Structures are given as structure tokens and as C-alpha cells.
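Below: one structure, written as C-alpha cells.
Here the structure is a predicted model, which means the values were calculated and not measured. Values below: all heavy atoms of this structure, side chains included; hydrogens, waters and symmetry mates excluded. Naming: A, B, ... by sequence-line order, numbering from 1 per chain.
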2 protein chains.
Amino acid sequence: MACTALIHKMDAISDLRADDVVRLRQLCLNVTRTTRFCDIISQGDRPLAVHLIIDGWAARYTILPDGQRQITAFLMPGDFCDLHIPILREMDHGIMALTKCAYACVDLDSLQDLTTDNPGLAVALSRLTLIDEAILRQWIVNVGRRDAGQAIAHLFCELKARADMAGISHGPSMPLPLTQEVLADATGITPVHANRTIQALRHQGMIRLESGRLTILDRDRLQQLGGFDASYLHLKAAPIKAAMGRAGITASDASRVASQS
Amino acid sequence: MACTALIHKMDAISDLRADDVVRLRQLCLNVTRTTRFCDIISQGDRPLAVHLIIDGWAARYTILPDGQRQITAFLMPGDFCDLHIPILREMDHGIMALTKCAYACVDLDSLQDLTTDNPGLAVALSRLTLIDEAILRQWIVNVGRRDAGQAIAHLFCELKARADMAGISHGPSMPLPLTQEVLADATGITPVHANRTIQALRHQGMIRLESGRLTILDRDRLQQLGGFDASYLHLKAAPIKAAMGRAGITASDASRVASQS
DNA sequence: CGACACATTGACATTCATCAACTTGGGTGG
DNA sequence: CCACCCAAGTTGATGAATGTCAATGTGTCG
């Protein structure tokens with residue numbers, strides 16, 4: 001089903017009931033497809049519907065007067081482009097497909113009905129917006145206070161964590177169909193410098209990045225370099241699960257571990 | 001009354017009714033005071049109440065493993081520290097007073113009651129969160145793609161616009177009790193470089209900045225340097241009002257102007 | 001009068017941008 | 001099927017923006 005990524009992600013941050021899943025699936029009925037580099041929503045658009053990425057990647061971006069571009073968010077399957085934006089009057093930035101994309105258009109009325117009928121889902125959707133906000137803060141840290149290597153490392157850690165949430169990872173590997181120019185526009189550097197930075201990460205054996213896939217070869221070292229701490233993604237008990245996985249301990253052990261830290 | 005700034009700001013972004021104003025005033029009953037450099041909320045705190053700045057300035061900040069600080073938002077009177085954060089589990093960043101501060105603690109139940117009774121206010125409060133998000137995106141652009149002079153210029157334009165919204169400006173002048181070190185941590189540069197950058201703006205006659213006050217001497221030039229466009233603040237018809245003020249035209253003229261652009 | 005925080009200045013180091021060339025790989029038309 | 005083409009990646013040389021270090025001013029407060 002088309003909404004898999006959204007449901008996977010929602011389940012990672014809140015407790016979904018069976019009927020919640022049914023309601024979420026109904027969001028994905030009206031699917032549109034677009035080609036690469038095509039605006040899904042343009043700056044200044046008045047929102048008539050909410051858009052949900054089903055397949056492919058997109059980016060929020062702003063163009064400066066001198067023509068430079070800054071990407072302020074990457075959108076992968078399961079991400080909303082403009083959830084809650086109807087509360088404002090118009091888009092203050094654009095959203096562009098970075099690959100061929102499929103996205104659902106959810107009309108405002110049916111979204112309104114859903115949140116009215118199901119306050120629990122309304123809260124879960126608000127949580128998505130707040131997590132987006134936390135991600136934005138981390139991006140400010142990335143471009144403001146981390147050098148190129150740290151910023152790329154942190155970005156890759158974040159994208160991997162989000163890909164895991166969306167269920168589009170395969171073990172340590174995930175699709176990452178982004179050019180170095182796009183990665184540069186996200187981290188506030190130039191494509192040339194992005195190239196050199198990525199090569200350094202490769203040579204240090206931390207990642208593999210080729211033919212549209214990213215593989216994390218040394219997660220601990222990459223996270224340490226980027227200063228990555230997943231707590232800002234507000235996953236449901238994820239740190240404990242992760243600790244369990246690494247230590248090979250049981251859930252009851254984990255609760256003790258958590259209360260000690 | 002203590003809530004003046006909030007009401008002024010809410011009125012700038014949505015249509016407040018008389019009873020809305022009454023309800024908002026009731027938020028400011030439980031006021032706390034704190035000294036400079038004191039955390040209002042710390043990273044990891046579980047939200048028990050929502051905090052609203054009444055007087056003084058504060059900042060959202062993140063400390064990196066190597067001790068560097070990145071400020072991700074400035075909070076002035078009328079700004080909420082953690083509106084809607086209760087939807088998440090804990091603060092993923094801290095908020096520190098940059099001056100002596102007075103802030104209201106609004107307990108979650110009374111906020112809940114208010115939004116239940118008054119859906120219009122609930123929407124207006126959600127709008128605040130979305131505007132915060134838009135500001136975060138602009139900060140990413142600031143640190144990512146603007147040089148130091150452009151970034152400081154844009155920041156000053158934003159702060160002035162927000163001070164106008166909060167009603168704490170006096171003509172072209174506003175309180176700005178921030179050290180150069182703080183401004184540097186917000187724009188991703190060093191204090192030394194912030195000093196030189198600010199001096200350049202002064203020597204070019206764009207601003208005056210002394211004894212805790214910022215005066216915009218040449219708004220047009222400052223806005224052009226920073227590439228500032230206030231639309232991301234989603235003010236209620238502000239561009240038209242501003243155009244009226246400058247051109248000395250009437251409201252009916254303004255609507256024609258607006259439809260032409 | 002210190003003591004202190006903050007602002008300012010100068011000299012030098014580093015990161016990153018810029019410019020320009022070249023390589024590589026996948027697609028496409030003859 | 002091959003030749004070409006183009007986007008994307010890679011490399012090297014050089015310059016500009018910014019960081020770092022260290023010293024000196026300047027105003028406020030006790």
C-alpha cells in the first residue's frame with residue numbers, strides 16, 4: 001500500500017491503533033506523479049491540499065536574490081510537504097522534487113474530518129510538525145557551528161535515522177539519490193567542497209556512497225564525528241531499543257539501564 | 001498588563017476578538033523572574049507548563065560536544081518558549097535568559113481549556129508555532145548562504161520586524177540587549193568577526209547599536225543587504241499597510257496596488 | 001581604585017570558495 | 001553498435017572570508 005512509509009514513521013513516534021492505520025491509509029487515495037526538478041509546491045502558493053511524499057525525494061528550498069540556493073529540508077517517503085501550512089496564508093518557500101516523485105494530495109476537508117474524529121491522530125500529526133522543527137534547529141547547528149565534514153556526517157546520520165523510521169532502509173544501507181550539488185546546498189558549502197568532504201569520509205571508511213545508495217560502514221565513528229544524538233527526533237523509546245540491540249539485553253534490563261543514565 | 005506583547009503580536013497575525021484578549025490576559029497570572037544566564041528550561045526537561053516571555057530576552061541554544069554554542073532562536077516579550085512542546089516528551093534544547101527575565105508559567109490544563117473553549121485562539125497559537133518554523137528556515141539560509149554582513153543585516157531586520165509586532169519598538173529604534181558574543185553564536189561566526197561586521201554596518205550608516213539599543217538608520221539599504229523580505233513572518237496584510245504608510249495612500253488604493261504586484 | 005565583562009584591534013592561520021580543466025558513466029541518436 | 005553527449009563527479013591552483021590568538025581599550029560596579 002502506498003502509505004507504508006507514513007504509517008511506519010507514525011508508528012515510530014506514537015502508538016497507533018488499528019483504526020488509526022485505516023484512517024491513514026485513506027489519505028493516500030489521490031496520487032500525483034511528477035518529474036525530477038519539478039516544483040511540487042512553489043513559494044507564494046495558497047494551500048488547497050496537503051501533500052504527502054509517497055515515493056522519491058524532494059527538498060524545501062529558498063533562492064536568494066543572488067541566485068544561491070539553500071535547502072532547508074529533505075523530504076523522503078512518509079514526509080508531509082506542508083502539513084498545517086493551511087493555517088498560514090501562503091508558502092514562504094518552495095518544494096522541489098529531487099527525483100521522480102509520487103505524492104498524495106489530501107484535501108483539507110478530509111484531513112479536517114480525520115483530526116476531528118480522531119484527536120489522537122491529530123496529536124500525532126502535530127508531533128510530526130514539532131519534529132520537523134527540531135530537525136530545522138539541528139540544521140542551523142549544522143551549518144552554523146560544524147565544519148563541512150561534521151555537517152555531512154551529521155546529515156547522513158539524520159537521514160539514516162529517518163530512513164529507518166520510514167522503513168526504507170536495508171540494514172546499514174539506504175537509498176540516497178542526491179547529487180553532491182544538492183548535498184552542498186543543504187549544508188551551506190560548495191559542490192567542490194562537498195566532493196572533497198565526502199571523499200574524506202569514504203577514505204576514512206565511514207561510508208559508502210555510490211549509485212544512489214548510502215551505506216554506513218562505521219556508525220559509531222560517523223555519529224561521533226557529526227556529534228549526532230538521535231534524541232531530537234523524539235523516537236518512541238528508541239534509545240532503549242538501540243541500547244538493547246547493542247548490548248544484547250532484554251527489555252526489563254533496558255528499563256533499569258534507562259533509569260541509571 | 002503583563003501580556004501586552006503577546007496580545008500585540010497575536011493581533012498582528014490574526015484577528016482577535018474582545019473575548020480572545022480577555023482569555024489571553026488570563027495566561028499571565030503566574031509570573032516568575034530569573035536572572036541573566038539562568039536556564040528557563042533545560043535540555044531534557046519534561047514539560048509541566050508552557051512558558052511565555054513577558055519581559056527581557058532569552059535564547060534557544062544547543063551546546064556541541066566541543067563546547068561551541070549555537071543559538072537557534074531569540075525570544076523577546078510575547079514569545080512562547082515551548083508552546084506545543086508538551087506534545088513531545090522532552091526538550092531537545094535549552095532556553096537561557098540573556099537578560100533578567102520575567103516569564104509566565106501557564107499550566108497545561110488551563111491552556112488545554114482555553115484551546116478547547118476557543119478554537120479560533122487554538123488556530124492562532126498554532127500559527128505562532130508555524131511562524132517560528134519559518135523563522136528557523138530563514139536562520140538556516142542566514143548561516144548557510146549569507147556572508148557575515150548579510151547575516152547580521154538580515155537578523156537585525158527580522159528582530160526589528162518582530163519587535164514591531166510585539167510593540168516594543170520606538171520608531172526606528174528597539175531594545176537589543178545582546179552582546180556581540182551572543183550575536184555571533186546566532187549567526188555562526190566568532191565574536192571577533194561579529195565585532196568587525198557590526199562596525200562595518202555602523203560605518204556604512206545603516207545602523208546604530210549602543211547601550212542595548214538598535215536603531216535602524218537606513219532600513220531600505222539594510223533590507224537589501226540582508227535580502228530581507230518580511231513575508232515569511234506571515235503578518236496580517238502588513239506589506240499593504242507598510243506600502244500605504246510610505247506612499248500616503250488609502251486602504252482602497254492599497255488593495256489595487258496589492259492585486260497588481 | 002581595582003576588578004571584571006565587553007568591545008576593539010592587529011597579525012597570522014585555516015577553511016572554504018572560485019575558477020578551470022579533466023574524467024567517468026549512462027543514455028541517445030545516427 | 002558505436003559515437004557522441006551531457007550531467008555528475010573529480011582534481012589542482014589560487015584567493016577571499018573567516019577563525020585564532022593575543023593584546024589593549026572602555027565603561028560599570030563595588
Checklist entry - Would you say the side-chain atoms of A:Y61 and A:D39 include a donor-acceptor pair closer than 3.5 Å? => result yes
Checklist entry - How about A:T129 and A:D132: does a side-chain donor come under 3.5 Å of a side-chain acceptor? => result no
Checklist entry - Can you find a pair of side-chain heavy atoms, one from A:E158 and one from A:I135, that are under 4.5 Å apart? => result yes
Item to check | Expected output: side-chain B:R213 to main-chain B:L176 donor-acceptor under 3.5 Å | outcome: no
Checklist entry - Sub-3.5 Å donor-acceptor pair from the side chain of A:D82 to the main-chain atoms of A:I85, do we have one? => result no
Checklist entry - Rounded to whole angstrom units, what separation is found between the CD atom of A:Q180 and the P atom of D:dG9? => result 4 Å
Checklist entry - Atom CG of A:L176 and atom P of D:dG9: how far apart are they, to the nearest Å? => result 11 Å
Checklist entry - How are the rings of A:Y232 and A:H154 set to each other: parallel, tilted or perpendicular (split at 30° and 60°)? => result parallel
Next on the checklist: Please confirm whether the shortest side-chain N or O distance from A:N195 to OP1 or OP2 of D:dG9 is below 4.0 Å.
Outcome noted: no
Checklist entry - Contact boundaries of DNA chain C with chain B (under 4.0 Å, heavy atoms), 5' to 3'? => result C:dC6 to C:dA11
Item to check | Qualifying residues under salt bridge (Lys or Arg N to Asp or Glu O under 4.0 Å), relative to B:R60, sequence neighbours excluded | outcome: none
Checklist entry - Once each nucleotide of nucleotides 14-30 of chain D is scored for protein heavy atoms under 4.0 Å, what B/S/- sequence comes out, 5' to 3'? => result ----SSBB---------
Item to check | side-chain contact (heavy atoms from CB on, under 4.5 Å) between A:L217 and A:R221, worked out | outcome: CA-CA 9 Å; A:L217 298 176; A:R221 212 144 51 92; over 6 Å; no
